[in-house]
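Notes follow once the structure below has been shown.
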Amino acid sequence: MEAQATATVKEALAALYHHPDDAIRTAADRWLQEFQHTLDAWQVADSLLHDESSNLETLIFCSQTLRSKVQRDFEELPSEAFRSLQDSLYVLLKKFNKGPQKVRTQICIAIAALAVHVPVEDWGAGGIVNWLSDEMKAHPEFIPGFLELLIVLPQETSSYKIAARPERRRQFEIDLCSSANVAIGLLTACMAIDQLKEQVLEGFSSWLRFCHGISASELASHPLVHVALSSLNSDQFLEAAVNVTSELIHATVSHGSGTIAEQMPLIQILVPHIMGLKEQLKDPSKDEEDVKAIARLYADMGESYVDLIATGSDDSIQIVNSLLEVTSHLEFDISSMTFNFWHRLKRNLIRRDSYVSYGSEVAIEAEKNRRLQIFRPKFETLVSLVSFRVEYPEDYHTFSEEDRRDFRHVRYAVSDVLLDATEVLGGDLTLKLLSTKLAQAYGSCNNEQNPKWQPVEAALFCIQAIARSVSIEEREILPQVMSLLPCLPHHELLLQTVCSTIGAFSKWIDAAPAELSILPPLVDILNKGMNTSEDTAAAASMAFKYICEDCRTKFSGSLDSLFQIYHIAISGVGGYKVSSEDSLHLVEALSVVITTLPPESASKALELICQPVINPLQELIQQGDQVFQQVPARHLTVHIDRLSSIFSNVKQPELVAEAVYRYWPTLKSIFDQRAWDTRTMESICRSCKFAVRTCGRVMGTTIGAMLEEIQTLYQQHKQSCFLYLSSEVIKIFGSDPSCAGYLTSLIQILFSHTVQLLRTIQDFTARPDIADDCYLLASRCIRYCPDLFIPTEMFQRLVDCAMAGITIQHREACKSILSFLSDVIDLPNSSDGGQYREVINTIILQRGATLTRIMIAALTGALPSGRLEEVSYVLLSLSRAFGGNMLNWARESINLIPPQALTDAERLRFFNIISDAASGSSLHTITDRFGEISDVCRRNKTVQDLVQSALRPHDLTFTVAPQQI
């Protein structure tokens with residue numbers, strides 16, 4: 001059998017790497033992946049690795065297979081197999097001591113994984129590190145392989161590919177950490193072999209990252225530290241030395257490392273060595289990757305010691321000056337490494353927590369001012385160093401989409417740095433610094449021989465980036481900037497930024513003195529932006545929205561001009577290049593202006609804004625049913641989405657209610673004729689949702705007509721958006737007694753048809769949108785009209801339906817179902833829910849054992865681990881509401897889990913978590929404890945399948961006899 005499997009593996013590998021047919025290669029790859037999960041894979045992989053005739057492809061595949069088997073499937077082997085597996089891996093490590101490197105690495109990872117699985121005593125006295133020490137001394141010819149294993153060991157402690165129980169993993173970390181001195185001693189001994197120096201440094205950084213228990217004074221005099229620091233000046237070992245030095249920095253500030261004073265012996269050695277690398281940053285002959293490594297070291301130093309740096313001592317200022325030099329580097333990838341340091345320094349300088357040790361408020365304020373005074377010049381320099389980076393390159397028009405995306409990322413990053421600077425310098429001072437650059441750039445822009453718009457655009461971009469930090473009372477710089485905008489050339493990219501700048505300062509424009517007459521020329525610029533290109537039109541439309549939001553009272557006398565802009569943009573006639581998506585900004589802009597008008601004027605304005613939206617819809621409807629059925633959905637939704645924006649943003653409920661009533665015949669025609677069209681229905685339901693939200697209970701008779709339409713069409717077309725719209729209706733009208741008749745009918749019809757659709761988990765999986773919106777609606781009913789819902793037979797059917805769908809993998813649908821169940825269970829204990837206790841208790845007690853089994857299945861693998869908190873909350877609610885009953889249900893379900901998955905101790909721990917939940921433990925604590933049990937039950941696919949096969953979460957009829965834990 002083994003010989004046949006071995007031959008098949010060889011054939012499959014040959015096909016995978018060498019067969020010309022793609023289909024055969026794909027089939028071979030699939031077979032090999034499936035083979036790796038079989039029991040035969042152990043013996044076949046081991047045999048082929050020992051086979052001297054195996055080629056490189058076979059060795060790589062088999063080493064990966066053996067590694068993954070040890071990591072995830074170690075429990076497949078009988079306990080007595082450990083020793084033979086250990087011996088085989090040891091032989092393989094020696095065999096591949098000199099390579100191939102990929103194979104040796106996989107063997108090392110496999111041995112590390114084996115060490116995680118088994119107790120320390122299985123490796124002899126002192127565990128695997130001591131065993132490794134003995135082997136290195138006994139067989140120095142195999143040191144390269146042993147050294148790689150020493151490097152890999154601490155790295156694998158955090159690998160969750162290893163299917164070890166949490167307590168075993170923790171114990172392994174403790175055991176390994178206790179061997180850190182032995183490991184570092186071995187690394188020190190290996191340093192005598194020159195060709196192993198890079199590996200030794202890699203191993204040292206690996207152990208430092210894993211275990212921070214070595215004292216600073218000991219590290220300060222350790223030979224490995226001195227080797228690493230001296231290697232910072234070596235091109236050959238620079239990267240490895242930087243990694244060690246970074247880990248040493250982190251060790252001095254790690255949690256539990258002690259006070260800064262205790263770390264000073266090491267810090268005082270590290271910082272001078274790092275500062276000595278400054279000249280290498282400027283060396284043009286230096287390899288770029290080496291410069292990046294040095295820059296990363298400076299950034300690590302700055303971020304780690306920011307609390308010391310923020311004191312403003314002479315030494316700290318030298319570090320800041322060095323970090324400014326890194327920031328000034330022409331390569332953005334290098335410069336940006338310091339950005340997080342500047343953010344942290346800013347935060348340290350401005351937050352009160354940094355100064356609490358100074359005691360009184362007077363002392364705190366004095367110290368804060370002293371530090372700000374020291375660092376303001378540095379942040380002024382920072383503004384100067386980063387602002388030029390946003391300038392468009394001359395060849396920007398040739399950039400690929402990826403390059404343009406990268407350049408946008410640069411601009412966003414610089415914006416964040418500038419905002420950090422404003423918190424130290426103040427927005428107005430930062431504006432002044434940037435305005436100087438704008439003035440200089442404007443001078444070069446007017447140079448007739450070589451006019452350049454890019455520096456002007458860059459300065460404006462920086463100015464608009466800090467807009468929210470500039471005082472609306474600023475009167476020195478911004479009036480000059482605003483008066484300059486109409487004079488700038490209308491290059492497309494510059495115009496785009498000009499429009500964005502206008503929008504960014506909308507609040508300042510509103511507060512500006514009337515005599516400045518700033519607004520009219522700015523509106524002209526926005527008009528120009530809407531005429532130029534789609535990108536400038538997008539910026540202009542957004543700016544127009546901000547201007548109308550913040551300066552709405554200034555437009556009351558200019559409605560005719562606003563409507564002219566609006567009609568041109570909406571109609572698509574007149575040269576505007578506003579996309580349908582961006583036109584929504586203009587709709588919103590006029591809507592907020594209408595909100596400020598007196599009722600009579602607002603009513604007329606609302607009609608004017610709605611006409612260009614409604615008229616095209618009516619014209620399409622009038623062409624007849626057959627033609628209307630053929631109209632592409634986008635030709636309808638572009639208008640309906642605009643109507644949604646109007647209903648959402650005109651905050652005059654009575655007027656909007658009148659408009660909804662007036663246009664209801666048009667909306668009803670769309671409902672009736674396009675109910676099959678999901679995209680159109682989603683759009684029109686969104687529009688109705690905003691109408692309901694804005695109008696509330698002044699909506700009048702239209703709400704009844706809308707509900708009748710929804711429930712009729714849902715029976716025919718099952719569109720999930722009808723459920724979503726109903727949720728909004730329930731939220732607004734659920735507690736209105738006058739609507740009880742409408743709502744009872746709505747609930748009954750919508751839910752009765754939904755439960756027919758969702759009978760099995762396969763149904764839920766096929767219709768996640770229906771499931772999501774159904775249970776969102778059900779939760780709304782519990783919250784806003786429980787008296788219309790809880791006493792009905794439909795409520796009980798929805799609980800049964802929810803139990804069938806708990807394990808749906810769709811995130812939002814799953815969350816809605818779990819939220820519904822927790823709402824049901826929690827309702828009797830709410831302030832107004834006591835009257836429903838008997839009904840809910842009867843329903844849950846009849847289903848408690850099954851519900852608990854499904855929830856435990858969800859916790860242990862039927863749902864992704866990302867649902868852990870929601871699942872934990874349902875179990876917590878059940879425990880608190882049903883106490884002893886829940887403990888019995890939980891005991892029955894936990895006892896179903898086979899001993900191969902959970903030991904008796906783990907089973908008892910699982911039960912105790914649920915018992916503690918009933919006793920009042922917090923959700924956070926319970927979730928963390930459940931998380932460990934969940935990890936145990938998911939530790940590999942075999943165990944997870946065993947657990948799910950036992951719990952059978954999709955079988956609603958499965959019951960078990962009570963048992964004792």
Side-chain angles (χ1 to χ4, degrees), residues 747 751 755 758 761 764 771 774-775 777-783 785-808 814-859 862-863 867 870-894 896 911 913-921 923 926 930 951-962:
I747 291 169
F751 286 147
V755 296
L758 304 175
I761 189 62
F764 278 85
C774 169
Y775 283 99
L777 172 60
S779 286
R780 287 269 174 93
C781 290
I782 290 173
R783 200 165 298 128
C785 55
D787 53 317
L788 305 182
F789 181 43
I790 304 293
T792 67
E793 185 234 350
M794 189 52 60
F795 172 67
Q796 179 175 314
R797 291 177 65 190
L798 271 174
V799 173
D800 288 333
C801 184
M803 288 169 60
I806 286 170
T807 55
I808 184 174
C814 181
K815 284 188 173 184
S816 291
I817 292 168
L818 294 175
S819 293
F820 165 74
L821 289 171
S822 58
D823 288 343
V824 169
I825 298 163
D826 291 343
L827 180 62
N829 295 317
S830 66
S831 56
D832 300 322
Q835 58 185 306
Y836 307 109
R837 186 181 306 278
E838 185 177 348
V839 174
I840 289 174
N841 283 0
T842 299
I843 290 172
I844 299 298
L845 286 170
Q846 291 171 353
R847 296 159 177 78
T850 302
L851 176 58
T852 302
R853 172 173 55 81
I854 296 170
M855 294 309 304
I856 286 177
L859 183 78
L863 284 177
R867 300 290 94 74
E870 290 84 0
V871 172
S872 298
Y873 185 74
V874 175
L875 288 168
L876 182 75
S877 296
L878 280 169
S879 299
R880 290 177 177 174
F882 295 97
N885 287 309
M886 174 57 179
L887 294 180
N888 289 331
W889 302 331
R891 183 184 293 110
E892 293 169 7
S893 297
I894 293 169
L896 291 172
F911 179 78
I913 298 170
I914 293 174
S915 177
D916 290 345
S919 304
S921 291
L923 175 62
I926 292 296
F930 272 146
L951 292 171
R952 294 159 64 176
H954 301 145
D955 186 347
L956 300 185
T957 61
F958 172 58
T959 57
V960 294

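All values derive from a computational prediction rather than experimental measurement.
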Would you be so kind as to tabulate the donor-acceptor pairs closer than 3.5 Å made by side chains of residues 815-824, with sequence neighbours excluded?
unit_1 : atom_1 : unit_2 : atom_2 : d
Ser816 : OG     : Asp772 : O      : 3.4
Ser816 : OG     : Asp772 : OD1    : 2.5
Ser816 : OG     : Glu812 : O      : 3.2
Ser819 : OG     : Lys815 : O      : 2.9
Ser822 : OG     : Leu818 : O      : 3.2
Ser822 : OG     : Ser819 : O      : 2.9
Asp823 : OD2    : Ser779 : OG     : 3.0
Asp823 : OD2    : Arg783 : NH2    : 3.3

*Taking only residues two or more places apart in sequence or in another chain, which ones pass side-chain contact (heavy atoms from CB on, under 4.5 Å) with Arg837?*
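Listed in chain order: Pro828, Asn829, Asn841.
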Separation between [atom1] of [X] and [atom2] of [Y], rounded to the nearest 0.5 Å:
{"X": "Glu793", "Y": "Leu798", "atom1": "CD", "atom2": "CG", "answer": "10.0 Å"}
{"X": "Arg847", "Y": "Thr842", "atom1": "CZ", "atom2": "OG1", "answer": "9.5 Å"}
{"X": "Arg867", "Y": "Ile806", "atom1": "CZ", "atom2": "CD1", "answer": "14.0 Å"}

[Y] and [X], any side-chain heavy atoms less than 4.5 Å apart:
{"X": "Leu956", "Y": "Ile854", "answer": "yes"}
{"X": "Cys781", "Y": "Leu788", "answer": "no"}
{"X": "Ile790", "Y": "Leu827", "answer": "yes"}
{"X": "Thr852", "Y": "Met855", "answer": "no"}
{"X": "Phe751", "Y": "Thr792", "answer": "no"}
{"X": "Leu878", "Y": "Ile844", "answer": "yes"}
{"X": "Trp889", "Y": "Ile914", "answer": "no"}

Check: [X] side chain, [Y] main-chain N or O, donor-acceptor pair, under 3.5 Å:
{"X": "Ser919", "Y": "Ser915", "value": "yes"}
{"X": "Tyr775", "Y": "Ala802", "value": "yes"}
{"X": "Tyr836", "Y": "Asp787", "value": "yes"}
{"X": "Arg853", "Y": "Ser893", "value": "no"}

*For residues Thr807 and Ala862, report the shortest heavy-atom separation together with the two atoms involved.*
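Result for this residue pair: CG2-CB, 3.7 Å.
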*Closest approach of Val871 to Ala858 (non-hydrogen atoms, all atoms of both residues)*: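 Result for this residue pair: CG2-CB, 4.1 Å.
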Show the atom names and distances, to 0.1 Å, of all donor-acceptor pairs under 3.5 Å that link a side chain in residues 879-887 to residues at least two apart or in another chain.
unit_1 : atom_1 : unit_2 : atom_2 : d
Ser879 : OG     : Leu875 : O      : 2.8
Arg880 : NE     : Ala917 : O      : 3.4
Arg880 : NH2    : Ser921 : O      : 2.5

*Evaluate the criterion side-chain contact (heavy atoms from CB on, under 4.5 Å) for residue pair Phe795 and Ile843; output intermediate values, then yes/no.*
CA-CA 10 Å; Phe795 172 67; Ile843 290 172; 3.5 Å; yes
*After noting the C-alpha distance and the side-chain angles of Ile825 and Ile840, does the key distance pass the side-chain contact (heavy atoms from CB on, under 4.5 Å) rule?*
CA-CA 7 Å; Ile825 298 163; Ile840 289 174; 6.0 Å; no
_Assess the residue pair Phe930 and Leu876 against the criterion (side-chain contact (heavy atoms from CB on, under 4.5 Å)); give the C-alpha distance rounded to whole Å, side-chain angles, the decisive distance to 0.1 Å, and a yes or no._
CA-CA 11 Å; Phe930 272 146; Leu876 182 75; over 6 Å; no
